[in-house]
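Just so it is clear: chains get the letters A, B, ... in the order the sequence lines come, proteins before strands, and each one is counted from 1. Please read all numbers here as calculations on a predicted model, not as lab measurements. The figures here come from the full heavy-atom set of this structure, side chains too, leaving out hydrogens, waters and symmetry mates.
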Amino acid sequence: MFCGRKCCLFCLFMSAWGFLMLNLLGIFFYVQSLMLLESLPLPHHFPSQEAFKEQADEAYQDVSTRCFVAAVFYLGFVFIAIVAIRRDNKRRKRLYKRGPGHLRFRR
Amino acid sequence: MSKWWSCGSNQESNSIFRSEVMSLVQMYLQPEAAYDTIAALGEVGCVQFRDLNAKINAQQRKFIGEVRRCDELERRIRYVTAELNKEGHKVLDLMDDFPPAPQPREIIDLELHLEKTETEILELAANNVNLQTSYLELSEMIQVLERTDQFFSDQESHNFDLNKMGTHRDPEKSNGHLGFVAGVISREREYAFERMLWRISRGNVFVRRCDVDVALTDPKTGNVLHKSVFVVFFQGDQLQARIRKVCTGFHAHMYPCPSSHSERQEMVKNVRTRLEDLQVIINQTSDHRTCVLQAALKQLPTWSAMVKKMKGIYHTLNLFNVDLGSKCLIGEGWVPKRELELVEVALAAGSASVGSTVPSFINVLDTKKEPPTHFRTNKFTRGFQNLIDAYGIAGYREVNPGLYTCITFPFLFAVMFGDMGHGTILFLLGLWMVIDEKRLSKKRGGEIWNIFFAGRYIIMLMGLFAMYTGFHYNDIFSKSINVFGTRWVNVYNRTTVLTNPTLQLNPSVATRGVYPMGIDPIWQSASNKIIFLNTYKMKLSIIFGVLHMVFGVCMSVENFVFFKKYAYIILQFVPQVLFLLLMFGYMCFMMFYKWVKYSPTTDVEADTPGCAPSVLIMFIDMVLFKTETALPGCDVNMFPIQKNLEMIFLVVALLCIPWILLGKPLYIKYQRRNRPAGPVEEVDEIVEKIEVTTGKEIIITEVAEAHESGGHSEEDDEPMSEIWIHQAIHTIEYILSTISHTASYLRLWALSLAHAQLSEVLWTMVLAMGLQMNGYVGAIGLFFIFAVWEFFTIAIMVMMEGLSAFLHTLRLHWVEFMSKFYVGNGYPFTPFSFKDILIVVEDD
């Protein structure tokens with residue numbers, strides 16, 4: 001396995017956290033939360049209020065979409081981590097079933 | 001330190017408000033039952049034995065022979081363990097399910113087993129060295145025979161057939177023909193070797209060498225050797241002798257080497273056969289050694305535990321007095337009062353196990369010696385108690401701050417670390433360690449892991465409380481959430497908003513009530529957010545600090561009442577708490593009154609926010625008797641009688657200083673003057689007559705020990721001059737520390753501000769960069785940058801900031817809180833317990 005058990009658990013935690021938080025961020029951007037206005041890629045000056053509103057709406061939508069896409073990436077890593085942990089569990093069970101008599105001692 | 005297997009941990013729980021009531025017991029053990037009795041007491045783990053043979057050195061104690069025997073057994077166990085480690089097997093100490101202490105006769109069998117195993121391993125090791133040496137020699141010979149082929153082919157033009165064998169043996173005198181010596185030398189010596197040969201022969205030798213490619217192993221050390229094959233061609237017998245001496249001097253091994261190809265092939269074949277036979281023998285020896293070690297591997301942890309128990313028992317028996325006349329062992333030890341029955345049961349079990357008809361028994365002695373301090377902790381309170389014990393062990397029956405620390409510690413931590421996001425991470429970490437604690441308690445993770453695991457309940461509570469304060473600060477990863485709906489509204493029209501970059505909201509017209517809990521999320525958008533939060537958190541820090549300190553001073557009343565020093569309530573506690581309340585309690589009152597009195601919606605001009613005075617300036621003016629000039633339309637005072645009240649407070653507070661300084665020494669002086677004429681000699685003497693079955697009477701007289709560490713009776717012996725000096729020091733320390741400790745609590749605000757700003761910088765400088773990427777690449781960029789932000793959040797915000805807040809919380813408890821009442825001059829209760837001996841933390 002390319003990654004140890006502890007590393008898998010760490011990746012699982014980070015990926016689950018990323019998936020959850022990016023989804024929440026996506027939702028907040030979708031509903032156009034004012035708290036996140038400063039995080040949008042917007043210029044500082046606008047010719048008119050309509051222009052500002054239009055660009056802000058577009059930016060909210062774009063960032064929201066990107067958050068959801070990134071969340072999907074993290075979901076993929078969650079599955080990879082779960083699969084790796086399950087395989088590790090199976091491998092440990094096989095070793096356990098053999099019992100100590102089958103273990104080979106290094107010379 | 002308290003441990004989870006601590007004395008009495010299986011019984012009903014008890015408060016850790018005070019230490020356990022301890023009894024000094026005297027034990028009379030029958031010699032034949034002594035071993036089993038101490039073994040039973042070791043399992044119970046409730047007796048801390050005193051050393052009754054302190055004046056006898058270790059070599060003269062009764063059971064020194066048995067202790068040395070156990071030492072020898074331990075040495076053998078360590079040797080076998082080291083051999084197992086070489087084989088790659090790690091011998092793991094038992095963590096539970098320990099075997100019982102062995103009977104003395106069982107140790108004889110164990111001794112034989114260990115001696116046999118050790119002897120066998122030693123013999124196998126010696127044989128292995130011999131076999132490996134032979135193997136190495138044969139391997140080198142193979143190399144010599146094979147590598148010299150090319151050397152001899154170069155010399156085919158010479159007539160070697162006349163000289164069949166190498167001239168290192170059976171030299172033949174044949175003038176005009178070249179002789180040769182072949183062998184193996186260490187690679188690092190070959191150049192010096194060649195140079196030396198050149199010199200002694202004045203250039204009349206021909207040296208050829210070639211590296212040995214296969215790895216050779218040193219038989220003793222197991223290290224890899226790097227060697228070279230060499231052949232020296234020379235002429236004459238005299239030169240031959242010199243060359244052989246040089247070879248010996250450079251530790252080069254010379255091997256016979258026929259000059260003809262066919263003979264070399266024959267020799268190679270023979271040596272290979274011998275090598276294969278030798279390899280078979282080596283493998284068989286190795287297998288046998290593995291079998292021996294494998295047999296020992298299963299038993300070794302059990303043997304180790306048994307030997308440690310036995311050694312502990314004999315070491316404890318060495319603390320006993322041996323009465324040769326009446327044939328009994330007399331010992332003394334501290335026992336928690338509630339466990340006396342347990343100890344008696346153990347004594348009865350010890351006697352019954354050997355079928356003794358004479359029972360062992362205990363007497364409870366009255367003594368003025370200072371007992372050890374024992375807290376009956378459980379897995380939850382153990383971590384907090386360890387924090388307190390790291391500062392100082394509580395005196396016997398002194399109030400234990402560990403009880404209140406269970407809540408005040410995570411709370412003060414959370415005031416500094418308040419953030420719902422970071423608190424959740426910390427809480428989940430602690431929760432994982434709590435839920436999975438049965439499995440994790442068997443984990444051998446090293447010292448750092450053990451520290452974290454022992455504090456798992458502290459971590460969980462710190463996370464939980466941080467979530468609570470984070471909700472109040474309305475801070476989750478530096479962002480606010482609008483849970484209840486902001487109470488501020490925009491009162492400007494469209495044109496005003498469009499033409500002004502920044503606008504000010506007047507709270508008298510822009511607010512619609514009060515945000516129900518915590519900070520209104522509108523402050524996230526305000527340019528004066530930091531200014532507002534600073535004033536809020538500074539006041540919060542002082543309020544919590546004063547509360548914490550007042551609570552600490554009040555704890556001293558508990559000690560005064562318990563130790564029956566009621567006069568000190570009037571002489572020490574009252575002036576201390578008065579000083580604290582009149583000065584800094586009044587400051588807190590000013591904070592609350594200012595919050596309530598000044599309002600933007602008031603009709604009185606003097607009560608508008610612009611007229612609100614600074615609490616700090618008012619406090620300074622109170623002490624310095626100054627008066628500020630009021631702004632137009634404002635009032636200098638917050639309430640009408642403020643100046644008079646402050647004057648009274650200040651005068652009374654100043655009067656408290658001589659009150660603390662003079663009260664206690666004068667009281668002691670008065671007490672001593674009114675004592676009965678002449679000091680009463682207190683003799684700690686116990687005269688008891690014990691009748692044993694032999695009919696003899698034992699008279700035991702114990703001379704009182706010095707009361708150097710007796711805290712509660714210290715004043716009875718201290719001269720008046722020292723009492724005056726101590727009280728002066730104490731007074732100065734208290735008055736000054738009240739001022740400096742109040743300022744010290746401002747760290748609650750400082751760390752909270754630092755934490756919030758760091759979190760905001762992390763969001764703005766890291767995560768926002770990912771959010772502002774455009775296009776399809778932006779999603780991938782956001783993926784990676786979010787991972788970086790996650791990593792920094794854990795590494796910096798949770799671990800570094802968490803550790804910082806933890807240490808500051810620890811200091812606020814140790815210095816600011818506990819200095820108000822805590823003496824901490826006790827010593828810990830360390831009972832004779834097998835589990836203490838056997839469970840040792842591994843340092844990886």
> Considering residues, nucleotides and ligands other than A:Tyr30, do more than 12 of their heavy atoms fall under 6.0 Å from its OH?
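Result for OH/A:Tyr30: open.
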> Select one option (side chain, backbone, both, neither) describing which atoms of A:Leu42 are under 4.5 Å from chain B's heavy atoms.
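No part of it gets close to chain B.
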> What closest approach, in Å, do A:Met14 and B:Glu790 show between heavy atoms, and which atom pair accounts for it?
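Closest approach of A:Met14 to B:Glu790, heavy atoms only: O-OE2, 2.8 Å.
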> Can you check whether A:Trp17 reaches B:Ile794 side chain to side chain, under 4.5 Å on heavy atoms?
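The answer is yes, as the side chains (C-beta and beyond) meet within the 4.5 Å cut-off.
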> Hey, are the side chains of A:Leu22 and B:Leu782 touching, using non-hydrogen atoms and a 4.5 Å cut-off?
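The answer is yes; the side chains approach within 4.5 Å.
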> Rounded to the nearest 0.5 Å, how far apart are CE of A:Met21 and OG1 of B:Thr793?
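Answer rounded to 0.5 Å: 7.5 Å.
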> Checking heavy atoms, do the side chain of A:Leu37, its backbone, both or neither come under 4.5 Å from chain B?
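Neither part.
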> B:Ile425 versus chain A, heavy atoms under 4.5 Å apart: side chain, backbone, both or neither?
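The side chain, not the backbone.
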> Could you measure the distance from the CG atom of A:Leu36 to the NZ atom of B:Lys479? Nearest 0.5 Å is fine.
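These two atoms lie 6.0 Å from each other.
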> Locate the shortest heavy-atom distance separating B:Leu771 from A:Val63; write the atom from each residue and the value.
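Reported closest heavy-atom pair: O-CG2, 3.5 Å.
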> Of the backbone (N, CA, C, O) and the side chain (C-beta and beyond), which part of B:Ser525 lies under 4.5 Å from a heavy atom of chain A, both, or neither?
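Answer is neither: B:Ser525 stays 4.5 Å or more from chain A.
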> In Å, rounded to the nearest 0.5 Å, how long is the span from CG of B:Leu428 to CZ of A:Phe13?
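Atom-to-atom, B:Leu428:CG and A:Phe13:CZ are 6.0 Å apart.
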> Would you call A:Phe73 and B:Ile780 a side-chain contact if the rule is heavy atoms closer than 4.5 Å?
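In short, these two side chains touch, coming nearer than 4.5 Å.
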> Taking the six-membered ring for Trp and the full ring for Phe, Tyr or His, determine whether the centres of B:Phe786 and A:Phe19 are under 6.0 Å apart.
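No, too far apart.
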> Are there over 12 heavy-atom neighbours, none belonging to A:Phe79, within less than 6.0 Å of that residue's CZ?
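No, the 6.0 Å shell around CZ holds no more than 12 heavy atoms from other groups.
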> Mind listing the closest non-hydrogen atom pair of B:Gln772 and A:Pro41 along with its distance?
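Shortest heavy-atom contact: O-CB, 3.6 Å.
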> Taking atom CD of B:Gln279 as the centre, does the number of heavy atoms from other residues, nucleotides or ligands within less than 6.0 Å exceed 12?
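Atom CD in B:Gln279 is packed in, count exceeds 12.
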> So which of A:Ser48, A:Ala70, A:Ala59, A:Ser39 has the largest heavy-atom pair count under 4.5 angstrom toward chain B?
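Highest number of pairs under 4.5 Å: A:Ser39.
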> Heavy-atom count check: over 12 atoms from other residues, nucleotides or ligands less than 6.0 Å from B:Leu503 CG?
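More than 12 heavy atoms, drawn from other residues, nucleotides or ligands, come within 6.0 Å of this atom.
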> Just checking B:Phe453: does its CZ atom have more than 12 heavy atoms from other residues, nucleotides or ligands closer to it than 6.0 angstrom?
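Correct, the count exceeds 12.
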> Could you check which of B:Phe477, B:Phe791, B:Phe784 has the highest count of heavy-atom pairs closer than 4.5 Å to chain A?
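Option with the greatest count: B:Phe477.
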> Answer with side chain, backbone, both or neither: which region of A:Phe29 has an atom nearer than 4.5 Å to a non-hydrogen atom of chain B?
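The side chain, not the backbone.
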